[in-house]
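We use all heavy atoms of the structure for the numbers below, so side chains are in, but hydrogens, waters and symmetry mates are not.
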Amino acid sequence: MKFGGRDAPSILGWSVEKVSVRWEKTLAEPDVDSFSKKISGMLVEDVQRRAKFIRIILCSAELVIHLRMSGDIRVESDALPLQPHDRLVVWFTNGFRLAFNDTRKFGRVWFLKEAANFFEGLGPEPLGGLTKNDFHTLLQRHHRQIKPLLMDQRVVAGLGNIYTDEALFLAGIHPLKKSSAISKKQAGKLLQEIQAVLRKGIETNGASIDWIYRGGQFQNELHVYNRTGLACHNCGAEIVKIKVGQRGTHFCPKCQPEG
DNA sequence: CCTGAAACCTGTCTGC
DNA sequence: TGCAGACAGGTTTCAG
């Protein structure tokens, strides 16, 4: 199992001894007291992902984690010292622990008895059987700038700033293009590139762009993200950076023409 | 319905 | 060297 780009032991079958919440707001639900009481003694049955959420399935509840901007998870021996920004720690009975580290405190953890409703509002997984036809229909349903639309988790699940910029570049689509103006053929190409970029990201353990992330190799695959002013890998034009929906947005003006 | 801004946070980098 | 301001892999909420 990979955590934060490093190999870690599988936590399957491990039994929770106790938890500590070192920054209260990290625990979104429920309150610290009932969380501590209820999770103690539970076994880990499975670990899954839905959109950007990590799901740790326990016997009669589940722990849901969102890393947001700066979150990271370690699984390690409880003999090691805790780190400066460890916000929530799950201690197992076998001498190991799971530490949720999060410098910027944006990450959240939920302990849910019933998680079905929790994921209700999320859009489809691009790697989970979404067809080109359905994707095109999705884009037609809105009249929004394509980049913020792709990052809207209610529309499509799992795309963040890096992957969206990269997919739009590979598909040759300007980030401000109206979603409803995207042809069926373009939508097909876009979905294909979204899938390619996500697969590559998973394969390379994500991007390690600044001090927060370690171990990933995806930064070596980037065509536009973080390449402002550099030559486009495809045509040699200068990569441009603009602001779209308050997010830094990188694209090639020649390969991704407006309109 | 769509867009943009502000808020939530800490750490790093840039420019004066 | 110091310090202010901008900026960062995300999401929610609110104003226009």
Report summary line: Symbol by symbol from the 5' end, with Watson-Crick or G-U pairs under 3.5 Å, [ ] crossing and | another strand, DNA chain B is .|||||||.|||||||
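Scanning atom types as modelled, no donor and acceptor separated by under 3.5 angstrom connect the side chain of A:D210 and the base of B:dG11.
Here the C1' atom of nucleotide C:dG9 and the CG atom of A:L150 are 16 Å apart, to the nearest Å. Residue A:R68 contributes atom CZ, which lies 6 Å from atom P of C:dT12 at whole-angstrom precision. Between the CD1 atom of A:I209 and the P atom of B:dT12 there is a distance of 16 Å, given to the nearest Å. Nucleotide C:dC7 holds its P atom 16 Å from the CD1 atom of A:I212, rounded to whole Å. For A:Q83 and B:dT10, the CD to P distance is 18 Å, given to the nearest whole Å. We find that CG of A:D152 is positioned 11 Å from P of B:dT3, with the value rounded to whole Å.
Formation of a donor-acceptor pair under 3.5 Å by the A:R22 side chain with backbone atoms of A:D86 is found in this model. Looking only at distances, a side-chain donor or acceptor of A:Q219 sits under 3.5 Å from a matching main-chain atom of A:S208. Proximity of a side-chain donor or acceptor of A:E221 to a complementary backbone N or O of A:G201 within less than 3.5 Å is not detected. Looking only at distances, a side-chain donor or acceptor of A:R49 sits under 3.5 Å from a matching main-chain atom of A:A51. With A:E193 contributing its side chain and A:K189 its backbone, the two residues share no donor-acceptor pair below 3.5 Å. Without hydrogens or angle criteria, A:H136 side chain to A:I182 main chain gives a donor-acceptor distance under 3.5 Å.
C:dT13 sits 15 Å from B:dC9 when the P atoms are compared, rounded to a whole Å. For the P atom pair drawn from B:dT12 and C:dT11, the interatomic distance equals 24 Å after rounding to whole Å. Taking the P atoms as reference points, C:dA6 lies 12 Å from B:dA6, given to the whole Å. Remark: the separation of the P atoms in C:dA8 and B:dG4 is 16 Å, to the nearest Å.
Using a 4.0 Å cut-off between charged side-chain N and carboxylate O, A:K147 and A:D165 make a salt bridge. A salt bridge links A:E76 with A:R97: the closest approach of a Lys/Arg side-chain nitrogen to an acidic carboxylate oxygen falls below 4.0 angstrom.
Proximity note for A:F106 (side chain, C-beta onward) versus B:dC8, C:dT11, C:dC7: the nearest is B:dC8. The side chain of A:R144 lies closest to B:dC2, out of B:dC2, C:dA8, B:dC9. Comparing atom distances between the A:H85 side chain and each of C:dG10, C:dA8, B:dT10 picks out B:dT10 as nearest. The side chain of A:Q246 approaches B:dA5 more closely than any other nucleotide in the set B:dT12, B:dA5, B:dC2. Proximity note for A:M151 (side chain, C-beta onward) versus C:dG10, B:dT10, B:dT3: the nearest is C:dG10. Nearest nucleotide to the A:K178 side chain, out of C:dA8, B:dT3, B:dC8: B:dT3.
Taking a 6.0 Å sphere around NZ of A:K113, one finds it holds more than 12 heavy atoms contributed by other residues, nucleotides or ligands.
The side chain of A:R104 contributes no N or O atom lying less than 4.0 Å from OP1 or OP2 of C:dG10. An OP1 or OP2 oxygen of B:dT10 is reached within less than 4.0 angstrom by a side-chain nitrogen or oxygen of A:K105. For A:K241, a side-chain nitrogen or oxygen approaches OP1 or OP2 of C:dA8 to under 4.0 Å. Close to C:dG9, at under 4.0 Å from its OP1 or OP2, lies a side-chain N or O of A:Y225. For C:dG9, the OP1/OP2 oxygens have no side-chain nitrogen or oxygen of A:K52 closer than 4.0 Å. At B:dG4, one or more side-chain N or O atoms of A:Q145 fall inside 4.0 Å of OP1 or OP2 (strictly under the cut-off).
Between A:H143 and A:R87, the residue whose closest nucleotide on DNA chain B is further toward the 5' end is A:H143. Between A:P148 and A:W211, the residue anchored closer to the 5' end of DNA chain B is A:P148, taking for each the nucleotide with the nearest heavy atom.
Within 4.0 Å (heavy atoms only), A:R108 reaches no atom of the nucleic acid at all.
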